[in-house]
Amino acid sequence: MQIDIKGEFVPIALATLGAGEQVYCEAGLMVYSDPSIGFQTRWLTQGGLGAVVRRTLVGGLPFHLHEFLGPGYVAFSRFRPGEMRLLTLAPGEKVDVAEHSLLLATNTVSFDTSYIAGTGRIGRLIGFWMDRLTGPGQLVFQGHGNILAFTLAEGEAMDVDHGALLMKDTSVKVQAFNQPLGAGLLGHAMSFEALKVEGPGRVLLQTVDPSRSSGAL
Amino acid sequence: MSATVKADTVGGITPAVLVTLAHGEKVLAAHGIMLYKETPVKVHRRTMKSLGVSTAHLMGMHALGDNEESYFFAEFEGPGHVSLSRDRGGEVRIVPLAQNQSVRLRNGHLICFDESVRYYPMVLLKYQDPVPDSNGNHPTRYVFADELTGPGTIVFQSYGNVLSFELKPGEMMRTSVEGLLAAAQSVQIRINWLAGAQLAGTGNIAIPVLDVVGPGMVMVHSGA
């Protein structure tokens with residue numbers, strides 16, 4: 001299998017599949033494909049009905065994924081500007097990718113979700129989900145805007161805006177907290193939710209907050 | 001404490017600004033544009049009042065429709081790095097201002113500035129909209145700006161690319177109302193009108209433009 005990222009401003013990921021090779025993505029990301037490519041739907045049922053309802057109706061994750069079966073070529077895009085990265089996972093290696101950022105993964109990569117609790121404050125009563133991907137295999141994801149990469153040492157921490165977190169190793173711990181804006185009661189009243197991200201492991205950030213990206217590019 | 005903040009831009013399509021703060025050094029930024037910061041960087045609330053901008057002036061700006069204007073800035077205090085992003089594409093400029101050098105920057109473009117910089121939001125100009133509203137009136141339109149006076153560094157972002165000009169005394173250029181990004185205080189800015197197309201329903205609707213007269217620096221942006 002060959003995966004190439006083409007273009008810069010609004011890039012595509014082009015997968016060239018051998019016979020029997022398979023990639024999957026969220027629904028609606030295919031741009032074009034070889035007529036020889038087979039197609040099927042994979043339902044995301046892990047965790048039972050309660051988990052599915054919570055994940056999909058509350059968290060906004062998809063009910064199903066689309067699978068594409070070789071031989072042939074198939075191209076994917078999220079139809080928006082932003083840097084793309086191709087990642088190769090070793091067997092058992094796990095990463096978390098921000099929801100709606102995964103472009104494609106090879107069928108050997110298992111797909112699950114991980115939940116990061118919110119602070120429970122008004123407007124952030126629930127946390128958010130990330131896609132948990134486990135190797136072996138390859139995956140492509142896309143940031144909003146540019147991607148900034150960091151490798152945190154054991155215990156090294158940084159404070160990250162909610163919308164900036166794009167990808168992390170599962171060894172990286174993430175905890176939501178209220179960042180006061182100055183001292184006193186008013187400072188707490190005007191606080192904003194941020195994420196304490198602590199190593200060891202890789203952290204990738206994106207320069208545009210997806211919730212504020214409408215029309216920004 | 002250093003008089004100027006060390007700022008760099010990171011990335012191409014949608015650049016972020018990376019500010020490096022020494023111990024006790026401070027930078028002021030619009031609230032809600034932090035991308036990340038190192039844990040030792042403290043966050044404070046810096047009211048406009050503490051910067052010499054009265055509440056009455058701010059309320060007046062709001063009443064005229066300047067919705068970008070907040071009553072406070074987020075103040076980041078070093079040591080450490082803080083990264084800021086306005087969540088959009090466009091060139092970022094880092095401009096050091098000399099003592100008493102003033103720049104008028106269109107509102108909504110400022111990313112951060114050194115605490116030694118004097119900040120004052122203002123109405124750059126106003127004009128009557130040539131297109132009447134449903135009552136047949138021509139509403140007044142305001143162009144808002146942030147006046148920033150050195151010494152210190154200011155960082156701002158355009159829509160698209162920035163085109164810079166240095167006008168000689170009396171030299172004039174014409175820009176669209178949206179196209180003007182920044183101008184030195186010494187630059188005069190006047191509203192002018194171009195004859196628009198003759199339309200059957202509305203008659204001739206003139207097009208507002210800006211006549212910008214030197215001396216001084218003018219910045220125009222390509223994606224306004």
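Residue numbering restarts at 1 for every chain, and letters A, B, ... go by the order of the sequence lines.
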Heavy-atom contact with chain B under 4.5 Å, split by part of [X]:
X        : result
A:Leu205 : side chain
A:Leu186 : both
A:Phe177 : neither
A:Glu156 : neither

*Taking the six-membered ring of B:Tyr142 (Phe, Tyr or Trp), confirm whether the NZ or CZ of B:Lys126 is under 6.0 Å from its centre and within 45° of its axis.*
no

*Can you label the angle between the A:Trp129 ring and the A:Tyr115 ring as parallel, tilted or perpendicular, going by 30° and 60°?*
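Rings of A:Trp129 and A:Tyr115: tilted, 30 to 60°.
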
*Passing option when A:Ile37 is tested against A:Tyr73, A:Phe68, A:Tyr32 for side-chain contact (heavy atoms from CB on, under 4.5 Å)*: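 Passing option: A:Phe68.
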
*Using side-chain contact (heavy atoms from CB on, under 4.5 Å) as the criterion, point out the one residue from B:Thr14, B:Leu110, B:Leu181, B:Ile111 that pairs with B:Gln157.*
B:Ile111

*asked:* With heavy-atom distances below 4.5 Å as the criterion, would you say the side chains of A:Ser101 and A:Gln142 are in contact?
replied: no

*Any idea which of B:His81, B:Met34, B:Lys37, B:His44 has the most non-hydrogen atom pairs under 4.5 angstrom with chain A?*
B:Lys37

*Go through the atoms of B:His31 and report whether side chain, backbone, both or neither lie under 4.5 Å from a heavy atom of chain A.*
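Just the side chain, heavy atoms under 4.5 Å.
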
